[in-house]
Amino acid sequence: MSQQWLWITIIIIGLLTLATRLSFIVFMGKMQVAPIVQQALRFVPIAVLSALIAPTLFFPTGSLDISLSNARLISGILAILIAWRTKNVLLTIGGGMACLLILQMLVLHH
């Protein structure tokens with residue numbers, strides 16, 4: 001495949017992605033959504049985030065690991081507790097990352 005076709009493909013895919021996202025913005029503003037659908041849509045972000053994060057926490061090496069040696073799981077649990085208590089996104093991310101870095105440094109030094 002030539003460089004030109006690669007760029008054409010990337011541009012077309014980008015435009016299709018933009019059109020898909022823009023269609024929701026344009027059409028959702030002009031139509032009424034049932035209250036039950038609106039209520040269900042509130043849970044989409046947390047469901048997507050959970051689907052992205054859970055495999056990393058529970059399957060860090062490709063197989064299920066729920067042991068105390070799983071630094072990612074421990075850090076994730078701490079992040080969940082920070083989020084629950086503080087409702088602060090930056091503190092949650094910072095606390096989880098700090099915990100992960102500390103645990104990884106402790107493992108590397110032993």
Side-chain angles (χ1 to χ4, degrees):
M1 178 185 282
S2 71
Q3 188 83 10
Q4 179 183 5
W5 282 111
L6 178 64
W7 281 108
I8 289 171
T9 304
I10 290 172
I11 291 169
I12 289 172
I13 291 172
L15 290 173
L16 288 172
T17 301
L18 177 66
T20 303
R21 292 179 183 199
L22 193 58
S23 68
F24 281 102
I25 294 169
V26 170
F27 295 124
M28 290 300 272
K30 295 180 181 178
M31 60 187 283
Q32 286 284 39
V33 178
I36 194 162
V37 173
Q38 285 181 339
Q39 189 176 16
L41 287 174
R42 288 184 26 229
F43 297 102
V44 170
I46 192 66
V48 171
L49 191 59
S50 298
L52 292 171
I53 293 173
T56 303
L57 296 181
F58 292 104
F59 300 91
T61 60
S63 60
L64 181 63
D65 182 5
I66 52 173
S67 67
L68 290 176
S69 65
N70 183 349
R72 291 180 183 200
L73 182 58
I74 304 277
S75 301
I77 291 169
L78 177 68
I80 289 168
L81 292 173
I82 293 171
W84 173 63
R85 293 292 288 155
T86 67
K87 309 281 191 266
N88 184 321
V89 175
L90 292 177
L91 192 59
T92 300
I93 293 169
M97 289 301 296
C99 179
L100 181 61
L101 289 171
I102 290 168
L103 289 174
Q104 286 179 337
M105 285 180 9
L106 289 174
V107 169
L108 290 176
H109 284 80
H110 283 119

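- By the side-chain hydrogen bond (donor to acceptor under 3.5 Å, both in side chains) test, S67 is found to be paired with D65, S69, residues two or more places apart in sequence or in another chain being considered.
- Residues passing the side-chain contact (heavy atoms from CB on, under 4.5 Å) test with F59 are L64, sequence neighbours excluded.
- Taken to the nearest 0.5 Å, the CD1 atom of I8 stands 4.5 Å off from the CD atom of Q4.
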Name each donor-acceptor pair under 3.5 Å that joins a side chain in residues 31-47 to protein atoms two or more places apart or in another chain, with its distance.
none

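- In the hydrophobic clustering of this structure, F58 groups with L49; members are Ile, Leu, Val, Met, Phe, Trp, Tyr whose side-chain heavy atoms approach within less than 4.5 Å, directly or through other members.
- In this view, L57 and I53, R72, L73 satisfy the side-chain contact (heavy atoms from CB on, under 4.5 Å) rule, not counting sequence neighbours.
- Counting only residues at least two apart or in different chains, side-chain hydrogen bond (donor to acceptor under 3.5 Å, both in side chains) contacts with residues 53-64 are absent.
- With sequence neighbours excluded, the residues forming a side-chain contact (heavy atoms from CB on, under 4.5 Å) with I102 are L106, listed by chain and number.
- L91 forms part of a hydrophobic cluster together with L78, I82, judged by ILVMFWY side-chain heavy-atom separations under 4.5 Å.
- Under the 4.5 Å side-chain heavy-atom criterion for Ile, Leu, Val, Met, Phe, Trp and Tyr, I13 and L18 are members of distinct hydrophobic clusters.
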Side chains of residues 19-26: which donor-acceptor pairs under 3.5 Å do they make with residues two or more places apart or in other chains?
| from | atom 1 | to | atom 2 | distance (Å) |
| --- | --- | --- | --- | --- |
| T20 | OG1 | L16 | O | 2.8 |
| S23 | OG | T20 | O | 2.6 |

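- Scanning for side-chain contact (heavy atoms from CB on, under 4.5 Å) contacts around A79 gives T92, with sequence neighbours left out.
- Other residues sharing a hydrophobic cluster with I80 under the 4.5 Å side-chain heavy-atom criterion for ILVMFWY residues do not exist; the residue is a singleton.
- Here the closest non-hydrogen pair linking G96 and S75 is O-CB, 3.6 Å.
- Heavy-atom neighbours of I10 CD1 from other residues, nucleotides or ligands within 6.0 Å: above the threshold of 12.
- Using a 4.5 Å cut-off between side-chain heavy atoms of Ile, Leu, Val, Met, Phe, Trp and Tyr, L15 falls into a hydrophobic cluster with I11.
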Please step through side chain to side chain contact (heavy atoms under 4.5 Å, CB included) for the pair L103 and V107, ending with a clear verdict.
CA-CA 6 Å; L103 289 174; V107 169; 5.6 Å; no

